[in-house]
Amino acid sequence: MCRLAINLLCWMSLLSAAACLASEPAGGFPKQVTDLAGRQVTLSAPPTRLFLTQPRQLYALATLLDDPTPRLAGWTYPLAVFDPAMAQRFITQWPALAQLPTLSSAPTPQLNSEALLNLAPDLVLFDLSRVGSVEGSPLARLLDELGIAYLFIDFNRHPLENTPKSLTLLGEALDATPRANHVIALIEQRLARIDQRLAGRPADAPTVLINVAPGVKVDCCRTNLRNGLADLVARAGGDNIAGALAPGASATLSNEWVLSHPPDVILNTAGQWAAGDGIRVGLGISDAEIAQDLRSLSHELPGWQHLDAVQQGQFYALWHGFHQGPFAIVALERVAQWLHPALFSDLDPAATFDALLPTPAALSREGRFWGALNAQ
């Protein structure tokens with residue numbers, strides 16, 4: 001009890017110091033916002049000590065702010081766990097990010113409340129997927145008692161539906177509404193174009209296997225049923241072959257099941273995880289390297305060399321981060337081109353990505369965030 005009291009005193013002292021350094025509250029504060037869990041939260045001022053419980057939440061902040069680092073108090077673990085190359089790019093752009101306090105060097109199932117309070121946050125961001133474990137928890141009660149606001153956002157569970165909502169929420173919270181509105185308008189314009197063209201497509205849809213991060217945890221085949229990339233495949237005019245399997249958001253398919261339900265298209269998510277596993281895409285990665293990794297995967301999984309999707313070159317890699325930040329529209333454009341090349345040959349998903357995440361120089365010119373196995 002004494003230790004907790006000391007920590008609370010430290011937290012109040014740090015918060016007071018942060019308040020002294022902060023500028024006058026921007027217009028419109030205090031304000032009430034509604035997060036993705038439907039909670040009404042009052043924000044007394046624009047946050048100056050924001051804590052990220054998921055490092056890929058930085059993608060959204062990078063879209064809305066020229067430099068988010070002055071507003072950050074810390075994060076649970078660093079972005080380099082998921083994408084060392086992207087983390088280094090952000091550190092080059094914002095050197096202060098290298099000194100951002102972390103609670104762990106790797107993903108952890110629970111937040112250390114004491115360590116979190118020592119960072120004196122004034123706003124904590126949670127992914128919506130954690131609402132069940134956070135609401136009513138000791139941590140939530142402690143945050144409520146101390147008057148530390150927290151919000152649930154979502155770019156992962158239902159990326160097309162919840163990205164505009166999450167950007168609107170963050171725009172209100174960060175006093176960045178004009179920038180958020182601009183990004184949302186760009187997303188909605190590109191989404192409308194895809195919807196309009198697909199409205200007249202033939203009834204038959206190509207069947208798609210979603211293979212989430214093959215080689216990272218399992219070789220075959222974690223998949224989305226009714227969330228994440230499943231939403232994108234459906235909106236792009238594809239038929240998720242696992243969609244009718246069972247209730248729930250995800251499943252792991254056996255190799256035998258895949259061979260007995262051969263898809264027209266296989267969509268593998270990829271990245272540059274710190275462990276070095278999986279298919280590589282991203283900064284510093286070439287088309288040839290992606291094709292090599294896809295070829296290796298098709299040889300490692302028994303029977304996959306004989307699948308039509310592999311034989312016809314309909315075997316693709318897509319950056320996993322597209323549905324971890326506000327970039328689902330980029331992935332949707334690319335998937336739509338793969339599924340319906342005649343309808344969408346004029347789309348430019350690389351330009352869309354650069355517009356959503358303006359960095360010097362453009363990310364699309366420094367790496368490859370998707371790739372394909374050449375037809376044999």
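Remember, predicted model here, so these are calculated numbers, not experimental data. Along the sequence shown, residues are numbered consecutively beginning with 1.
- Between Trp257 and His261, the angle of the ring planes stays under 30°, which puts this pair in the parallel group of the 30/60° scheme.
- Not a single donor-acceptor pair under 3.5 Å links the side chain of Glu135 to the backbone N or O of Ala140.
- No side-chain heavy atom of Leu36 sits under 4.5 Å from any side-chain heavy atom of Leu151.
- Relative ring orientation between Phe369 and Phe322 is described as tilted, the plane-to-plane angle lying within the 30° to 60° band.
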Could you go step by step and tell me if Asp127 and Gln57 meet the side chain to side chain donor-acceptor pair (under 3.5 Å) rule? CA-CA 8 Å; Asp127 278 355; Gln57 291 167 341; 3.2 Å; yes
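- A centroid separation of 6.0 Å or more is found between the aromatic rings of His299 and Trp304.
- The number of heavy-atom neighbours closer than 6.0 Å to CG of Asp204, taken from other residues, nucleotides and ligands shown, is 12 or below.
- Contact annotation: the side chain of Thr92 approaches that of Gln88 to within less than 4.5 Å [non-hydrogen atoms, C-beta and beyond].
- Taking 4.5 Å as the limit, every side-chain heavy atom of Val81 sits out of range of all side-chain heavy atoms of Pro55.
- Between Trp94 and Ala62, the shortest heavy-atom contact is CH2-CB, 3.6 Å.
- Between Leu363 and Leu357 the shortest side-chain heavy-atom distance falls below 4.5 Å.
- Ile210 places none of its side-chain heavy atoms less than 4.5 Å from the side chain of Arg222.
- Salt-bridge formation is not detected for the pair Asp195/Arg190: no Lys NZ or Arg NE/NH1/NH2 atom is positioned less than 4.0 Å from an Asp or Glu carboxylate oxygen.
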Let's go through Leu343 and Leu198 carefully: what are the C-alpha distance in whole Å and the side-chain angles of both, what is the deciding distance for side-chain contact (heavy atoms from CB on, under 4.5 Å) to 0.1 Å, and is it a yes or a no? CA-CA 8 Å; Leu343 277 179; Leu198 286 174; 4.1 Å; yes
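- Note that the CG atom of Asn118 and the OG atom of Ser113 stand 11.0 Å from one another [nearest 0.5 Å].
- Here the shortest heavy-atom pairing between Asp231 and Pro159 reads OD2-CD, 3.9 Å.
- Atom CZ of Arg179 is separated from atom CG of Leu64 by 7.0 Å, given to the nearest 0.5 angstrom.
- With hydrophobic clusters built from ILVMFWY side chains whose heavy atoms lie under 4.5 angstrom apart, Val216 does not share a cluster with Ile290.
- You'll find the side chain of Thr359 reaches within 4.5 Å of the side chain of Gln93, heavy atoms only.
- Taking the charged nitrogens against the carboxylate oxygens, Glu333 and Arg193 do have a contact shorter than 4.0 Å, which makes a salt bridge.
- Classification of Glu161 and Lys165 as a salt-bridged pair holds, one side-chain N sitting under 4.0 Å from a carboxylate O.
- Using modelled atom types and a 3.5 Å distance limit, the side chains of Gln305 and Ser298 yield no donor-acceptor pair.
- Judged by distance alone, the side chains of Thr69 and Asp67 do bring a donor and an acceptor atom under 3.5 Å apart.
- Proximity of a side-chain donor or acceptor of Asn240 to a complementary backbone N or O of Asn224 within less than 3.5 Å is detected.
- Judged by distance alone, with hydrogens and angles left aside, the side-chain atoms of Lys31 form no donor-acceptor pair with the main-chain N or O of Ser44 at under 3.5 Å.
- Counting heavy atoms from C-beta on, the side chains of Leu128 and Asn162 come closer than 4.5 Å.
- Between Phe353 and Trp319, the ring-plane angle classifies as tilted under the 30° and 60° cut-offs.
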Do Ile187 and Ile184 pass the side-chain contact (heavy atoms from CB on, under 4.5 Å) test, and can you show the C-alpha distance, the side-chain angles, and the key distance before you say yes or no? CA-CA 5 Å; Ile187 292 171; Ile184 292 168; 5.5 Å; no
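- Asp122 contributes a side-chain N or O that, together with a main-chain N or O of Thr48, makes up a donor-acceptor pair within less than 3.5 Å.
- Arg49 places a side-chain N or O within 3.5 Å of a backbone atom of Leu119 that can act as its donor or acceptor partner.
- The hydrophobic clustering, which links ILVMFWY residues whose side-chain heavy atoms are closer than 4.5 Å, places Leu142 and Val41 together.
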Taking it one step at a time, do Asp264 and Thr207 satisfy side chain to side chain donor-acceptor pair (under 3.5 Å)? CA-CA 5 Å; Asp264 298 319; Thr207 58; 3.1 Å; yes
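- At least one donor-acceptor pair under 3.5 Å links the side chain of Asn112 to the backbone N or O of Ala115.
- The shortest distance between side-chain heavy atoms of Leu209 and Asn268 does not fall below 4.5 Å.
- Residues Leu283 and Trp273 do not share a hydrophobic cluster, defined by chaining ILVMFWY side chains whose heavy atoms lie under 4.5 Å apart.
- Between the side chain of Ser133 and the backbone N or O of Arg130 there is at least one donor-acceptor pair closer than 3.5 Å.
- Side chain of Ser286 to backbone of Glu289: a donor-acceptor contact under 3.5 angstrom is found.
- Taking hydrophobic clusters as Ile, Leu, Val, Met, Phe, Trp and Tyr residues chained together by side-chain heavy-atom distances below 4.5 Å, Val258 does not share a cluster with Leu225.
- Minimum heavy-atom separation, Pro206 to His340: CD-CE1, 3.9 Å.
- Under a cut-off of 6.0 angstrom, the local environment of CD in Gln32 is crowded, with over 12 non-hydrogen atoms contributed by other residues, nucleotides or ligands.
- Here the side chain of Asp154 pairs a donor or acceptor atom with the backbone of His158 at under 3.5 angstrom.
- In this structure, CD1 on Ile329 lies 6.5 Å from CG on Leu160, to the nearest 0.5 angstrom.
- Taking all atoms of both residues into account, the shortest heavy-atom contact from Thr53 to Leu111 is CG2-CD1, 3.8 Å.
- Following chains of ILVMFWY side-chain contacts shorter than 4.5 Å, one can reach Leu186 starting from Leu65, so the two form part of one hydrophobic cluster.
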Show the numbers, then the answer: is there a salt bridge (Lys or Arg N to Asp or Glu O under 4.0 Å) between Asp83 and Arg89? CA-CA 10 Å; Asp83 196 330; Arg89 157 53 73 86; over 6 Å; no
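- Of all the heavy atoms in Val330 and Pro349, the pair that sits closest is CG1-O, 3.5 Å.
- Tested against Asn156, the residues Gln324, Arg56, Gln54 include a single side-chain hydrogen bond (donor to acceptor under 3.5 Å, both in side chains) partner, Gln324.
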For the pair Asp144 and Tyr150, evaluate side-chain contact (heavy atoms from CB on, under 4.5 Å) and give the outcome as yes or no after the intermediate values. CA-CA 9 Å; Asp144 290 337; Tyr150 58 96; 3.3 Å; yes
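- By the 30° and 60° cut-offs, the orientation of the rings of Phe327 relative to Tyr59 is tilted.
- Looking at every heavy atom in both residues, Ala213 comes nearest to Thr269 through N-OG1, 2.6 Å.
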Yes or no on side-chain contact (heavy atoms from CB on, under 4.5 Å) for Gln314 and Trp338, after CA distance, side-chain angles and deciding distance? CA-CA 8 Å; Gln314 304 295 302; Trp338 285 332; 5.5 Å; no
